[in-house]
Amino acid sequence: MKNSKNNFLKSGIALFTAVLLTVSAAGCSGNVGENGGESVSDSPYGLTNNIKNGTIFHSWCQSFNTIKESMRDIAYAGFSAIQTSPINECVVGGNGGLQLNGEGKWYYHYQPTDWTIGNYQLGTKEEFTAMCEEAHKYGIKVIVDVVPNHTTPDLDSVGKGLTDAVGGIDKLYHSNGKNEIVNWADRLECTTGQMGGLPDVNTENKAFQDYFIKYLNECIACGADGFRYDTAKHIGLPSDPTDPSSEKNNFWERVTTETDKADSIFNYGEVLQSDGEKIEEYQQAIGGTTASAYGEAVRSAITSRRLNAAALTDLQINTDDPTAVTWVESHDNYCNDGTSSSLSDKQVVLAWAVIAAREKGTPLFFDRPYGNTSGNMWGTMNHIGAAGNPFYKDDTVVAVNRFRNAMAGEKENISNLDRDESVLLIERGSKGLVVVNGGRYSYTLNAAVSLPDGKYINRADGETEYTVENGILSGLIFADSAIVLYNDGYLDIEKLGTLSIDTDTFILTENTPITVTLRAENAQNTFYSVDGGEYVSFSDGDQIEVGKDTQNGKASALTLKSEDGSGNTLSVMTFYFTVQGKRNVEAGTRVYFQKPEDWKDTVYAYVYDESTGAVKQAAPWPGVKCELQDDGLYGYTFEEAWDNVLLIFTDGSKQIPGAMEPGMVVEADKVYTAE
């Protein structure tokens with residue numbers, strides 16, 4: 001598990017109800033991509049019809065039902081599109097557990113077993129369709145993350161329907177598809193070799209292309225408006241050398257032109273920038289790409305407090321007006337390479353103000369896990385399917401999103417206001433502007449701007465007033481903050497109520513309930529339900545017990561909702577409590593392992609804790625060498641106490657549990673076997 005994993009990682013508003021009902025038909029038929037529609041929709045939330053002009057909410061690892069429950073909140077926050085995690089059938093790993101990291105893994109849905117809609121982590125095809133219908137009611141477009149480049153390494157799990165369709169399991173993969181990439185600059189190796197232990201699909205096989213296009217059309221029929229192509233730079237371009245089993249590299253030509261509604265679908269590919277990635281050519285082939293180098297520049301600017309205008313203007317893609325999906329962080333930055341998880345939520349919000357205020361790029365907001373902290377990147381719930389961090393509804397995020405929507409079509413002008421380059425001015429024509437102060441101190445504004453003379457309220461806090469007189473903007477901007485100024489196109493939308501709970505933990509012990517406090521801020525007619533039971537009314541501050549009749553390995557769900565005076569649902573939030581056995585181990589605890597006959601004579605115990613993000617381990621893989629006992633068993637003694645320890649036995653090549661599976665819970669004096 002650890003060895004395989006590490007290889008993989010490398011690579012409010014009742015008055016709007018009637019309006020929403022009147023626009024739902026237009027929303028459901030939308031499927032509008034780069035070339036479609038007016039700049040701003042008739043949604044009461046002012047969302048853009050054109051995905052490129054708006055912002056994208058990355059509902060990372062959230063189930064279709066969770067996204068559907070959150071749709072009103074997403075619209076309120078000003079996001080014109082959502083991006084799901086991969087919705088394909090995928091390998092069932094970690095004993096079917098649903099933790100982001102632990103008993104289950106977030107990346108299992110990036111290991112396809114077939115290209116059909118629905119998986120155990122996110123939900124069914126019917127639930128996906130219902131989610132799309134809900135999105136279109138609000139004028140929100142749906143982007144699906146698709147993974148054509150590889151399958152799961154568990155070949156026994158690959159679907160028979162898929163293998164039959166492509167002409168057999170051997171024809172599913174490139175000739176070099178099960179050999180790991182060594183030279184990433186070698187385009188043939190990069191586009192046909194195995195990445196992170198994931199066998200490389202022969203995307204040039206016409207039968208596979210036909211099968212995959214059928215899947216894309218199935219997604220479109222259910223309501224998808226666009227696609228994000230995972231690991232796109234590992235799929236060959238027309239100019240790339242071809243695999244010996246292929247005639248030509250025409251995958252991109254077919255999937256971008258032969259799908260239903262091809263002219264209106266928003267396509268972009270994940271092309272992480274490094275040596276020889278040909279990003280400009282991918283721009284032309286796919287229609288758009290990610291802008292990972294720009295994201296790195298944005299993170300560097302925020303952490304260094306130096307918001308250099310030139311560095312933050314250049315998207316670092318050498319083509320005119322690229323369709324570039326920009327981000328402060330992606331799920332890979334956060335989960336894999338660790339380049340963004342150290343950023344505070346506040347730093348992310350400030351950086352978002354920079355990229356979302358701009359004309360260039362299409363910003364994507366990665367929703368971190370619920371309850372994440374610098375010391376616990378997986379969050380307090382640590383549950384696949386659950387809603388993420390509610391900071392996407394931060395006042396500054398909402399204000400900048402709505403600003404961007406209102407500024408569609410307005411040209412940008414970016415400049416620094418101070419010598420230290422810590423204060424950045426982003427103007428959009430003469431219609432509006434955003435100022436970001438990334439410095440340590442407040443700054444007194446005295447800047448020439450194009451905004452018409454008059455009084456302006458900071459839309460991020462709703463109260464601070466700024467003045468433009470004789471073309472000069474004046475006022476005070478605090479350190480580590482952003483102001484959003486515009487009057488033309490501003491929508492005064494009633495603030496959302498907030499549903500939440502107070503609890504010390506989301507981990508339950510079997511049949512041992514805990515007490516949680518229910519919270520309802522600016523929300524009335526509030527109700528709760530436990531594990532799908534009858535809804536019961538509650539008031540802010542009420543306490544209930546969760547986890548009375550729970551079983552180990554299961555999850556208990558607590559749902560809160562609010563309604564308007566007519567009984568229409570306004571907000572929904574579901575919290576998941578994971579039931580697991582105790583994992584704390586005292587120093588001196590001893591365990592044993594009975595080695596299978598086909599294992600090598602040297603056995604190691606890999607002891608680790610990955611519950612908070614950074615992995616704590618007794619020793620790097622393969623672990624600590626076990627002691628051979630007189631009775632033929634291999635023994636290991638814990639030299640220190642652990643809180644959330646898991647255990648893997650390995651001989652360096654074979655391992656128990658198997659690759660991609662979580663470690664075993666430790667039981668003192670237990671003899672572990674391969675059975």
Side-chain angles (χ1 to χ4, degrees), residues 12 14 61-73 97-100 102-104 123 127 367-373 376 378-393 495-584 611 644:
C61 280
Q62 297 176 24
S63 72
F64 307 139
N65 288 339
T66 291
I67 301 171
K68 180 183 176 183
E69 291 176 350
S70 305
M71 204 66 72
R72 179 171 164 271
D73 291 37
L98 287 175
Q99 289 186 311
L100 294 168
E103 293 183 358
E127 290 167 340
D367 195 22
R368 293 175 160 192
Y370 181 91
N372 72 284
T373 65
N376 182 7
W378 304 115
T380 49
M381 269 199 283
N382 186 19
H383 190 85
I384 295 169
N389 188 328
F391 76 149
Y392 73 92
K393 295 180 284 186
K495 197 172 180 67
L496 285 178
T498 302
L499 302 175
S500 60
I501 62 174
D502 293 339
T503 181
D504 293 328
T505 182
F506 285 88
I507 302 297
L508 301 178
T509 303
E510 189 172 5
N511 294 319
T512 304
I514 62 172
T515 300
V516 300
T517 302
L518 309 182
R519 296 295 183 189
E521 179 182 352
N522 192 34
Q524 313 218 341
N525 302 318
T526 51
F527 305 86
Y528 76 88
S529 170
V530 177
D531 294 331
E534 181 180 354
Y535 275 98
V536 179
S537 64
F538 78 91
S539 300
D540 181 57
D542 285 355
Q543 293 185 326
I544 65 168
E545 281 192 340
V546 177
K548 288 182 179 179
D549 300 309
T550 52
Q551 295 181 354
N552 194 25
K554 303 296 183 181
S556 182
L558 168 62
T559 301
L560 309 184
K561 74 171 181 177
S562 63
E563 297 179 346
D564 63 16
S566 300
N568 299 307
T569 298
L570 295 177
S571 294
V572 181
M573 181 70 182
T574 300
F575 303 90
Y576 293 90
F577 296 80
T578 299
V579 186
Q580 67 182 32
K582 294 182 179 180
R583 293 183 177 173
N584 56 304
S611 61
N644 289 286

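Counting begins at 1 with the first residue of the sequence.
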(Q) Testing the basics here: between Ser571 and Leu499, what is the closest heavy-atom pair and its distance to 0.1 Å? (A) O-CD1, 3.7 Å
Q | Point-to-point distance, once rounded to the nearest 0.5 Å, from OG1 of Thr517 to CD1 of Ile501 | A | 9.0 Å
Q. Nearest heavy-atom pair of Phe538 and Ala520: which atoms, and what distance?
A. CE1-CB, 4.1 Å
Q. For the residue pair Thr526 and Ser562, what are the closest heavy atoms and their distance?
A. CG2-CB, 4.0 Å
Q: List the steps and the verdict of side chain to side chain contact (heavy atoms under 4.5 Å, CB included) for Tyr370 and Thr380.
A: CA-CA 6 Å; Tyr370 181 91; Thr380 49; 3.6 Å; yes
Q. Do you know which two heavy atoms are closest between Glu127 and Phe64, and how far apart they sit?
A. O-CB, 3.7 Å
Q | Check ion pair Lys561-Glu563 (N to O, under 4.0 angstrom) | A | yes
Q.
Working to the nearest 0.5 angstrom, can you tell me the gap between Gln524 CD and Asp540 CG?
A. 11.0 Å
(Q) Once rounded to the nearest 0.5 Å, what's the spacing between atom NE2 of His383 and atom SG of Cys61? (A) 10.5 Å
Q) Can any side-chain N or O of Ser556 pair as donor or acceptor with the backbone N or O of Phe577 at less than 3.5 Å? A) no
Q. If you take all heavy atoms of Leu496 and Lys393, which pair is closest and at what distance?
A. CD1-CD, 4.2 Å
Q.
For Glu545, I'd like to know if atom CD has over 12 heavy atoms of other residues, nucleotides or ligands within 6.0 Å.
A. yes
Q: Answer whether the closest heavy-atom distance between the side chains of Thr498 and Asn522 falls below 4.5 Å.
A: no
Q: Looking only at non-hydrogen atoms, find the nearest pair between Thr66 and Gly385 and report the distance.
A: OG1-O, 2.6 Å
Q) Taking atom CG of Leu558 and atom OG1 of Thr503, what is their separation to the nearest 0.5 Å? A) 9.5 Å
